[in-house]
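All heavy atoms count here, side chains included; hydrogens, waters and symmetry mates do not. Quick note on labels: first sequence line is chain A, next is B, and so on, each numbered from 1.
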Number of protein chains: 2
Amino acid sequence: MSVAGGQASRGEGVTRARIVEVALELLDSDGTAGLTMRALAAKLGVAPTAIYWHVGDKAALLEAVVDHITADVGDVQPSGRDAPERIRSTARSLRHNLLERPYLVAVVHEQGRTAEIFRPARVVLTREFSGCGLGDRDAALAGEAVLHHVIGSVLIEQQVARAPAQRVPAEPAVDAAELFELTLDALVRGLSRD
Amino acid sequence: MSVAGGQASRGEGVTRARIVEVALELLDSDGTAGLTMRALAAKLGVAPTAIYWHVGDKAALLEAVVDHITADVGDVQPSGRDAPERIRSTARSLRHNLLERPYLVAVVHEQGRTAEIFRPARVVLTREFSGCGLGDRDAALAGEAVLHHVIGSVLIEQQVARAPAQRVPAEPAVDAAELFELTLDALVRGLSRD
DNA sequence: ACCTGAACACCGTTCAAGT
DNA sequence: ACCTGAACACCGTTCAAGT
């Protein structure tokens, strides 16, 4: 919108950083299916092939996009005075970060980089479980379990949201947030007493 | 392969049932990306457009495929003498059913029909938690929590498997089955004591 | 009733060619 | 160094036309 109120923001140095930025805008507005090389090029005011020069093919594009986001998501500050509460708060803010970016989970998942992106959170969780008196290996397993709970919850919640037209009235419909808390609590209690 | 050793099995009544059957073969051999209207038609020995006459567009095709599978997956027989063990065995066989069909979770997930397909299992789990002394609502929540654990685990496990070339050596790599059992146990213990 | 062929509007990607 | 245009091999889908 830097030029003539149109979709295209023309020339003026189409850098790699700018491409990634516009790709994120496209993901935000049109979702995962809306991010095509052609649509991206159009929004940049450039021929589709120009993107190939700057970032490479679509796999490389998605890689760059995921790289760009990784920092924001990994950034979790645990709060609370005892370990269980710090674990729960970490899980909550992680969930929050993920739900804030509906496309993130899908893209990262498709890219097969889920494990990698949660490394900082994994370290935090493992440390807290160690503080509960678990051995190194048990603490690592417990941390992974909580992480999986977060990721699984978000994957399922977003999938339910995306359902085009739920064919079945879908039961009394359990509240996602409530279920998340309940499971988280049961999990932390069950894992720390070991 | 009913004719001339080729890919195409020609004519002889291309029925709706046959189309779904071949679609499943295609999913098994080539995965989700391999199931295209054109590839399916080729394997049936027919023009792509013929499929539209029998089952409609691709969304309808996927719907038919999911319908066809639903029964097999929902079919879980809980075993064990106490409720916690029956819950765990249900979760295990569900996980087993899902891992057996790598494409299933992805397709069902894309279709937004995860909740629907697990209805029978949900009923079983809720009943068992009721047997543990939980009230109706708590039992339903607990059942859903276990279900989510199963689905989330499989989603993550398959995603890890699909990773094209893990960019990071990926930690000591926790064993998926072990993590599944550990979490399941902690979850059931945490949920039934409530 | 059942199927084909041609056509349309999309994809991602390569590569020679321009400046 | 940076970008375009034309081209290729794919998609899903529609629709008139054939038998």
Side-chain angles (χ1 to χ4, degrees), chain A residues 2-3 6-24 26-27 29-66 103 106-107 110-112 162 164-165, chain B residues 2-3 6-24 26-27 29-66 103 106-107 110-112 162 164-165:
Chain A
S2 58
V3 181
Q7 273 273 72
S9 55
R10 183 147 281 293
E12 292 299 337
V14 179
T15 85
R16 182 186 158 95
R18 173 116 186 82
I19 291 176
V20 171
E21 182 191 343
V22 174
L24 283 167
L26 217 43
L27 280 173
S29 57
D30 298 7
T32 249
L35 179 54
T36 72
M37 300 301 263
R38 291 174 133 102
L40 181 55
K43 204 166 177 185
L44 284 160
V46 97
T49 48
I51 296 169
Y52 287 79
W53 195 91
H54 287 284
V55 301
D57 63 11
K58 191 166 187 184
L61 206 217
L62 290 175
E63 217 172 299
V65 167
V66 172
Y103 55 84
V107 173
E110 267 166 46
Q111 286 285 101
R162 176 159 34 102
Chain B
S2 57
V3 181
Q7 273 273 74
S9 54
R10 182 147 284 290
E12 293 300 337
V14 179
T15 84
R16 181 187 159 93
R18 175 114 187 84
I19 291 176
V20 170
E21 184 191 341
V22 174
L24 282 166
L26 217 43
L27 280 172
S29 59
D30 298 6
T32 248
L35 177 55
T36 71
M37 301 301 263
R38 290 174 134 101
L40 181 54
K43 204 167 179 186
L44 284 159
V46 95
T49 49
I51 296 169
Y52 287 80
W53 195 91
H54 285 285
V55 301
D57 63 10
K58 191 165 187 184
L61 207 218
L62 291 175
E63 218 172 299
V65 167
V66 172
Y103 54 84
V107 173
E110 266 167 47
Q111 286 286 100
R162 177 159 33 104

Closest non-hydrogen atom pair between B/Met37 and B/Gly56, with its separation: CE-O, 3.9 Å

For nucleotides 5-9 of chain D, tabulate all protein N/O to nucleotide N/O atom pairs closer than 3.5 Å, reporting atom names and distance.
residue	atom	partner	partner atom	Å
D/dG5	O6	A/Thr49	OG1	3.3

For the student: nearest non-hydrogen atoms of A/Ala41 and A/Pro48, plus distance: CB-CA, 3.4 Å

Whole-Å distance separating the CG atom of A/Leu44 from the P atom of D/dC2: 15 Å

Listed partners of B/Thr36 passing side chain to side chain contact (heavy atoms under 4.5 Å, CB included), at least two apart: B/Arg38, B/Ala39

Worked verdict on B/Gln111 versus B/Val65 for side-chain contact (heavy atoms from CB on, under 4.5 Å): CA-CA 11 Å; B/Gln111 286 286 100; B/Val65 167; over 6 Å; no

Atom-pair distance (CG on B/Leu35; C1' on D/dC10), nearest Å: 15 Å

Separation of atom CZ in B/Arg16 from atom P in C/dC3, rounded to whole Å: 14 Å

DNA chain C contacts among residues 50-57 of chain B, heavy-atom distance under 4.0 Å: B/Ala50, B/Trp53, B/His54

For atom NZ of B/Lys58 and atom C1' of D/dT13, their distance in whole Å: 12 Å

Distance-minimising heavy-atom pair for B/Lys58 and B/Leu35: NZ-O, 2.9 Å

N/O-N/O pairs, protein side and nucleotides 16-19 of chain D side, under 3.5 Å:
none

Those residues that, when tested against A/Asp57, pass side chain to side chain contact (heavy atoms under 4.5 Å, CB included) (two or more places apart): A/Tyr52, A/Ala59, A/Ala60

Shortest non-hydrogen contact from B/Ala23 toward B/Leu40: N-CD1, 3.7 Å

Bracket notation of DNA chain D in which parentheses pair within the strand, [ ] cross earlier pairs, and | pairs with another strand (Watson-Crick or G-U, under 3.5 Å): ||.|||||...|||||.||

Between C1' of D/dT4 and CE of A/Met37, the distance in whole Å: 15 Å

